[in-house]
Amino acid sequence: MRVEPVPGEPAATVRADGNRLLVLADYHAGLEAGLRYEGVELQSAAERRRERVLALLNRTGADRLVVLGDLGHAIGDPFDDEREELAALFDAVDVPVTLVKGNHDGDLESVFEAFGVDVTMTPGHGVRLGEVGFVHGHTWPSPDVLTAEVVCMGHEHPVVRLEDEVGGTRKERTWLRGSLVADPFTDHYGHDVAPTADLVVFPAFNDRSGGTWVNVDGQDFLAPFLPDGMTGTEAFLLDGTRLGQYRRV
């Protein structure tokens with residue numbers, strides 16, 4: 001498999017273009033500052049997030065870090081706390097970084113320029129590296145991305161609601177894996193599009209960022225092409241537990 005989830009972690013290693021990539025989604029640096037603006041006080045977990053990334057890079061021996069969008073949290077101009085968190089992250093990471101631009105990353109180019117860091121930022125419709133496509137998921141993937149062997153995306157922050165035999169419930173982050181289907185993409189682009197890719201939807205790296213409850217009635221997906229654009233989709237917990245068809249969990 002080209003995409004191998006790291007056991008117990010919301011990240012995966014990906015083999016693409018002869019490189020070993022560490023891929024994660026929805027880091028949401030500065031999340032606590034955004035919540036504070038809304039009246040919610042939480043102690044910053046910036047250091048813990050950074051240390052988790054460094055530990056994963058060391059554990060996997062990755063050649064590059066790829067973030068599937070929403071590296072930052074503020075949709076507009078980042079808060080000072082967000083800028084400081086990103087500065088500390090890039091000061092510590094010693095491999096090249098690719099950011100697939102997400103809907104929360106609008107003003108990050110100026111931040112990277114101010115820091116003097118070398119981050120490769122791709123358009124929102126994604127990028128293809130060899131046989132692997134990478135998108136955030138807030139907009140339609142390019143046709144080139146759709147013809148990869150597998151497409152990795154974020155944006156959804158998928159979670160499942162699990163209930164025990166006495167009625168207790170808990171929320172768990174989850175992976176989704178299925179296959180892309182043509183009809184929504186053909187309708188969108190106005191010509192035949194024949195996706196050949198499997199789709200892997202990554203859990204959010206930031207465990208405070210909420211998510212789409214994929215097995216709860218009435219919950220809608222965020223991506224414009226989901227759920228109609230995928231089929232045979234199964235859910236997996238971070239520890240690798242296979243839950244089966246996500247709607248039946």
Side-chain angles (χ1 to χ4, degrees), residues 6 9-12 21-60 62 64-127 134-139 152-159 171 173 202-212 222-223 238:
V6 180
E9 300 289 346
L21 314 176
L22 175 67
V23 183
L24 56 91
D26 301 289
Y27 189 88
H28 285 276
L31 172 67
E32 294 82 7
L35 293 175
R36 192 180 310 122
Y37 182 79
E38 298 172 6
V40 179
E41 290 290 339
L42 283 178
Q43 185 176 358
S44 174
E47 183 177 356
R48 180 167 61 89
R49 284 190 288 269
R50 181 175 67 253
E51 291 303 318
R52 286 168 58 208
V53 170
L54 298 178
L56 283 165
L57 286 169
N58 182 63
R59 175 178 173 182
T60 61
R64 176 177 289 272
L65 173 64
V66 177
V67 181
L68 300 174
D70 290 0
L71 173 62
H73 182 67
I75 292 177
D77 187 38
F79 292 102
D80 288 344
D81 287 358
E82 180 176 330
R83 292 174 179 269
E84 291 171 7
E85 180 174 351
L86 290 171
L89 175 66
F90 286 113
D91 187 56
V93 169
D94 61 358
V95 297
V97 178
T98 295
L99 171 61
V100 182
K101 194 169 187 177
N103 53 305
H104 283 253
D105 298 321
D107 288 347
L108 287 191
E109 289 97 337
S110 62
V111 175
F112 298 151
E113 183 177 347
F115 293 161
V117 298
D118 184 15
V119 177
T120 301
M121 183 178 287
T122 79
H125 58 66
V127 66
F134 302 91
V135 297
H136 180 57
H138 65 302
T139 189
C152 301
M153 71 166 274
H155 189 49
E156 294 293 345
H157 308 191
V159 294
K171 178 182 76 173
R173 284 178 289 175
F202 278 55
F205 189 80
N206 192 317
D207 58 3
R208 291 176 163 176
S209 59
T212 300
L222 302 174
L238 299 191

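Computed from a predicted model, the values in this text were never measured in an experiment.
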### Query
Is D91 salt-bridged to R50, cutoff N-O under 4.0 Å?
no
#### Entry: ring pair (Phe, Tyr, Trp, His ring centres under 6.0 Å) partners of F134, counting only residues at least two apart
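F134 satisfies ring pair (Phe, Tyr, Trp, His ring centres under 6.0 Å) with no residue once adjacent residues are dropped.
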### Message
Applying salt bridge (Lys or Arg N to Asp or Glu O under 4.0 Å) to K171 and D207, what does each step give before you reach the verdict?
### Response
CA-CA 11 Å; K171 178 182 76 173; D207 58 3; over 6 Å; no
Tell me every residue that passes side chain to side chain contact (heavy atoms under 4.5 Å, CB included) with [X], counting only those two or more places apart in sequence or in another chain.
X: A25; answer: L68, F202
X: V117; answer: F90, F112, F115, V119
X: N103; answer: D70, H136, H138, H155
X: N206; answer: H28, L31, R49, R208, S209

Rounded to the nearest 0.5 Å, what's the gap from [atom1] on [X] to [atom2] on [Y]? Could you check?
X: L89; Y: L54; atom1: CG; atom2: CG; result: 7.0 Å
X: L24; Y: D26; atom1: CG; atom2: CG; result: 9.0 Å
X: E85; Y: D80; atom1: CD; atom2: CG; result: 13.0 Å

Quick one: are [X] and [Y] in side-chain contact, heavy atoms under 4.5 Å?
X: V93; Y: L57; answer: yes
X: L238; Y: P203; answer: yes
X: Y27; Y: L99; answer: no
X: R64; Y: T98; answer: yes
X: R59; Y: V6; answer: yes
X: V53; Y: L65; answer: yes

State which residues pass side chain to side chain donor-acceptor pair (under 3.5 Å) with [X]; sequence neighbours excluded, sorted by chain then number.
X: T139; result: none
X: R52; result: none
X: T122; result: none

#### Entry: Chi angles and distances behind the side-chain contact (heavy atoms from CB on, under 4.5 Å) call for L56, E9
CA-CA 9 Å; L56 283 165; E9 300 289 346; 3.7 Å; yes
### Query
Under the side-chain contact (heavy atoms from CB on, under 4.5 Å) criterion, do F205 and V23 qualify, and how do the steps go?
CA-CA 10 Å; F205 189 80; V23 183; over 6 Å; no
What closest approach, in Å, do [X] and [Y] show between heavy atoms, and which atom pair accounts for it?
X: M153; Y: A223; value: CE-CB, 4.1 Å
X: R173; Y: P10; value: NH1-CG, 3.5 Å
X: L22; Y: A11; value: CD1-CB, 4.1 Å

### Query
With distance as the sole test, does E156 use its side chain to make a donor-acceptor pair with the main-chain N or O of L222 at under 3.5 Å?
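Side chain of E156 to backbone of L222, a donor-acceptor pair under 3.5 Å: yes, one is there.
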